[in-house]
Amino acid sequence: MLVPFARATRFVKGLLQSASSRYQKLSLIGKALMWFILFFYVSLSAFIILVTPARIAQFMYDVAQDIRHLPYGYTVLIAIMIVASFPPLIAHTTLLNLFGFTYGLQGFFPAAFGSLAGSTLVFVTLRIMFSKRLRSWTSTNEKWQALETVIRSRGMPMIILIRISSFPPWAWSNTLFASIASVSLFQFFTATLFLLPKVMVYVFVGSRIARLSDGEQRNHMDTQTKIVNSLLVVGGILISVLASSLLYHHMQKEIKRLRDSPSERDELAAEAAEEAPLLGSESLSSP
């Protein structure tokens with residue numbers, strides 16, 4: 001009994017040390033962003049507790065139905081999705097849930113379109129606006145040059161692995177690929193297509209949550225139906241978390257393999273891959 005507890009303690013301790021180490025490596029902007037995200041979620045949790053989940057869920061359901069009955073309501077959500085694809089904005093996952101919440105499983109198609117259009121627009125915009133600054137920055141950064149070389153040599157499998165990984169987040173992932181000169185628009189778009197199964201899962205979860213949010217529908221459900229819908233929501237979330245964890249694990253293994261490689265180029269590429277979101281943001285914001 002003590003052995004599993006000791007292992008769990010060591011794991012949590014190692015996780016905290018790793019998080020602390022990563023936090024210390026962040027730039028001032030990165031640290032400020034982390035504190036902003038923490039403050040946002042703490043405030044959101046407090047708001048939900050005070051107002052109560054049932055009232056919030058009913059309000060959200062009523063708003064979603066108003067949007068659904070608009071002639072082109074889905075274009076509003078697509079526009080928000082495109083804007084949220086630009087850093088430092090977040091909430092891509094929440095928006096995917098909202099598509100399912102509003103349109104059911106039919107929300108997959110506008111959600112997929114919004115995701116593809118938003119990420120492509122970010123990629124093209126950053127390439128056009130910051131191409132000169134990007135070239136001057138990458139020409140003096142050995143780590144980034146190594147990462148570009150490794151991605152160029154490994155090709156699509158490496159691009160897809162980084163793209164479908166849960167880290168960096170959606171908006172920062174768009175920025176990351178826009179800042180890697182060796183990644184073409186076609187490669188980026190193709191890799192983004194591999195995210196569509198994840199989009200489907202989040203839309204499905206949103207559609208199940210909608211059924212549980214409306215008081216009228218909930219009152220007409222028997223206990224078994226409520227349990228089934230709740231299990232489907234929890235199952236969808238667990239599948240998403242598990243898939244993201246596995247992809248992140250594979251991503252870390254690839255980074256470790258690069259670090260253990262005798263090639264200095266691979267080691268530099270591993271360091272750049274770990275620092276990628278930060279380097280990308282600094283490169284775009286530096287004078």
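From a predicted model like this one, the values you see are computed outputs, not experimental measurements. One is the number of the first residue; the rest follow in order along the sequence.
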Atom pair [atom1] ([X]) and [atom2] ([Y]), whose distance is rounded to the nearest 0.5 Å:
X	Y	atom1	atom2	answer
D62	Q65	CG	CD	8.0 Å
F40	L44	CZ	CG	5.0 Å
L116	L195	CG	CG	8.5 Å
L33	L28	CG	CG	11.5 Å

Partners meeting ring-ring contact (aromatic ring centres under 6.0 Å, His included) with F188 (sequence neighbours left out): F123, F177
State plainly whether one hydrophobic cluster holds both [X] and [Y], where clusters connect Ile, Leu, Val, Met, Phe, Trp and Tyr through side-chain heavy atoms under 4.5 angstrom apart.
X	Y	value
V122	V83	no
F59	I49	no
Y41	W172	yes

Among all residues two or more places apart in sequence or in another chain, which pass the side chain to side chain contact (heavy atoms under 4.5 Å, CB included) test with [X]?
X	value
F39	S43
L70	none
A117	I82, F113
I56	F47, I48, V51, M60

Give me the atom names and distance for the closest heavy-atom approach of A112 to L196.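 Heavy atoms only, the tightest pair is CB-CD2, 3.7 Å.
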Got a sec, which residues hit side chain to side chain donor-acceptor pair (under 3.5 Å) with [X], two or more places apart in sequence or on another chain?
X	value
D66	none
N174	R163
S119	none

Start with the C-alpha gap between M34 and I29, add the side-chain angles, then the distance that decides, and say whether side chain to side chain contact (heavy atoms under 4.5 Å, CB included) holds. CA-CA 9 Å; M34 290 297 295; I29 295 177; over 6 Å; no
Test your reading of the model: is there a side-chain donor-acceptor pair from Q187 to the backbone of S184, 3.5 Å cut-off?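 Indeed, once roles are kept as given, a pair shorter than 3.5 Å links the two residues.
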Which side chain to side chain donor-acceptor pair (under 3.5 Å) pairs, counting each pair once, include a residue from residues 74-86, with sequence neighbours left out?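 Passing the test, one end in residues 74-86: S85-W170.
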Using distance only, find each side-chain donor-acceptor pair of residues 86-102 under 3.5 Å and give its atom names and separation, not counting sequence neighbours.
from	atom 1	to	atom 2	distance (Å)
H92	NE2	S115	OG	3.1
N97	ND2	Y202	O	2.8
T102	OG1	L98	O	2.8

